[in-house]
K.L.:
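Have a look at this one before I ask anything.
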Amino acid sequence: MSKEKDSRLIANNKKAYHDYFIEEKYEAGVSLHGTEVKSLRMGKCSIKESFIRIENGEVFVYGMHVSPYEKGNIFNRDPLRPKKLLMHRAEIRRLQSRIAEKGYTLVPLQVYFKNSLVKVEIGLARGKKLYDKRQDIAKKDQRREAEREFKVKNLY
């Protein structure tokens, strides 16, 4: 996420870091309707099962669940509707050429407010194999064990 003071995290996709190697990160705006923004201000968003596609030179995020705003009644939209991401044309072309390579995909990493705008951090990702995931889990266990030992040593 950006290092600015006026940014606030709404949703995080930890599963993406477990399933993919993130090679590049991009920031994109999101085209939303009024009640969706109000719902996001209340933190009601999930990107766990979402993915990104490029269609006709435009970037869309699918499966991003923005819960309906409680007081929105007839103005609420479908919570799972595809949302258009706002990026520069040159960035989109660069991403499209990278996705054409075998094994690359786009995944949303996090949704956050930057000043008053809703932004999505996109990761250009390459899928992990099962043995890569096992290595990551083993490293995490080693780190956790080392921290536990360090904590025990410092107590005495």
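Everything quoted here is computed from the prediction, not taken from an experiment.
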K.L.:
Starting at CG of Leu32, measure out to CG of Leu117 and round the result to the nearest 0.5 Å.
P.N.:
10.5 Å
K.L.:
Tell me which one of Val59, Val66, Val118 satisfies side-chain contact (heavy atoms from CB on, under 4.5 Å) with Lys83.
P.N.:
Val66
K.L.:
Please list, chain by chain and in numerical order, all residues satisfying side-chain contact (heavy atoms from CB on, under 4.5 Å) with Arg94, sequence neighbours excluded.
P.N.:
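Listed in chain order: Tyr26, Glu91.
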K.L.:
Kindly give the cluster partners of Phe51, where membership spreads through any ILVMFWY side chain lying under 4.5 Å from a current member.
P.N.:
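Noted: Phe51 shares its cluster with Phe60, Tyr62.
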K.L.:
For Lys44, which residues count as a salt bridge (Lys or Arg N to Asp or Glu O under 4.0 Å) partner, sequence neighbours excluded?
P.N.:
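Counting only residues at least two positions away or on another chain, Lys44 forms a salt bridge (Lys or Arg N to Asp or Glu O under 4.0 Å) with Glu70.
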K.L.:
Grab the two heavy atoms, one from Ala11 and one from Cys45, that are nearest each other, plus how far apart they are.
P.N.:
CB-O, 3.8 Å
K.L.:
Share the residues that join Phe21 in a hydrophobic cluster, the rule being Ile, Leu, Val, Met, Phe, Trp or Tyr side chains under 4.5 Å apart at the heavy-atom level.
P.N.:
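Members alongside Phe21: none; it stands by itself.
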K.L.:
Can you list everything that forms a side-chain contact (heavy atoms from CB on, under 4.5 Å) with Glu149? Sequence neighbours excluded, please.
P.N.:
Glu145
K.L.:
Supply the atom-to-atom distance His18 NE2 to Asn13 CG, rounded to the nearest 0.5 angstrom.
P.N.:
12.5 Å
K.L.:
Please identify each residue that fulfils side chain to side chain donor-acceptor pair (under 3.5 Å) with Glu147, with sequence neighbours left out.
P.N.:
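Side chain to side chain donor-acceptor pair (under 3.5 Å) list for Glu147, sorted by chain: empty.
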K.L.:
Considering residues at least two apart in sequence or located in another chain, which fulfil the side chain to side chain donor-acceptor pair (under 3.5 Å) criterion with Glu58?
P.N.:
Lys84
K.L.:
Roughly how far apart are Ile122 CD1 and Leu106 CG, rounded to 0.5 Å?
P.N.:
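So the CD1 of Ile122 and the CG of Leu106 are separated by 6.5 Å.
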K.L.:
Pro108 and Val120: which non-hydrogen atoms are nearest, and at how many Å?
P.N.:
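Here Pro108 and Val120 meet closest at CB-CG1, 4.1 Å.
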K.L.:
When rounded to the nearest 0.5 angstrom, what is the spacing between CD in Gln135 and CD1 in Ile137?
P.N.:
10.5 Å
K.L.:
For Lys48 versus Lys15, what's the shortest heavy-atom pair and its separation?
P.N.:
O-CD, 4.4 Å
K.L.:
Pick one: which of Glu27, Glu121, Arg8 meets side-chain hydrogen bond (donor to acceptor under 3.5 Å, both in side chains) with Tyr112?
P.N.:
Glu27
K.L.:
Once side-chain contact (heavy atoms from CB on, under 4.5 Å) is applied, do any residues pair with His65, and if so which ones, sequence neighbours excluded?
P.N.:
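side-chain contact (heavy atoms from CB on, under 4.5 Å) list for His65, sorted by chain: Ser46, Ser67, Pro79, Leu80.
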K.L.:
For Gln142, give me all partners under side-chain contact (heavy atoms from CB on, under 4.5 Å), at least two apart in sequence or on another chain.
P.N.:
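For Gln142 there are no side-chain contact (heavy atoms from CB on, under 4.5 Å) partners, ignoring immediate neighbours.
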K.L.:
Walk me through it: do Leu9 and Gln110 pass the test side chain to side chain contact (heavy atoms under 4.5 Å, CB included)?
P.N.:
CA-CA 7 Å; Leu9 186 66; Gln110 55 189 3; 3.4 Å; yes
K.L.:
Where do Val61 and Ser50 come nearest, in terms of heavy atoms and distance?
P.N.:
CG2-CB, 4.3 Å
K.L.:
Distance from Ile52 atom CD1 to Leu95 atom CG, nearest 0.5 Å?
P.N.:
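Ile52 CD1 to Leu95 CG: 9.0 Å, rounded to 0.5 Å.
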K.L.:
After noting the C-alpha distance and the side-chain angles of Glu36 and Val30, does the key distance pass the side chain to side chain contact (heavy atoms under 4.5 Å, CB included) rule?
P.N.:
CA-CA 11 Å; Glu36 290 175 322; Val30 188; over 6 Å; no
K.L.:
Between atom CZ of Arg98 and atom CD of Glu24, what is the distance when rounded to the nearest 0.5 Å?
P.N.:
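With rounding to 0.5 Å, CZ (Arg98) is 4.5 Å from CD (Glu24).
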K.L.:
When clusters are formed from ILVMFWY side-chain contacts under 4.5 Å, directly or step by step, what else is grouped with Ile22?
P.N.:
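Members alongside Ile22: Tyr17, Tyr20, Val107, Leu109.
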K.L.:
If every non-hydrogen atom of Ala28 is compared with every non-hydrogen atom of Met87, which pair is closest and at what distance?
P.N.:
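Shortest heavy-atom separation between Ala28 and Met87 comes out as CB-CG, 3.5 Å.
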K.L.:
Kindly write out the residues that satisfy side chain to side chain donor-acceptor pair (under 3.5 Å) with Arg144, not counting sequence neighbours, or none if the list is empty.
P.N.:
Asp141
K.L.:
My understanding is that only residues two or more places apart in sequence, or in another chain, count here; which of them pass side chain to side chain donor-acceptor pair (under 3.5 Å) with Arg89?
P.N.:
none
K.L.:
Looking at Leu124 and Tyr104, what are the two nearest heavy atoms and their distance?
P.N.:
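Reported closest heavy-atom pair: CG-CD2, 4.0 Å.
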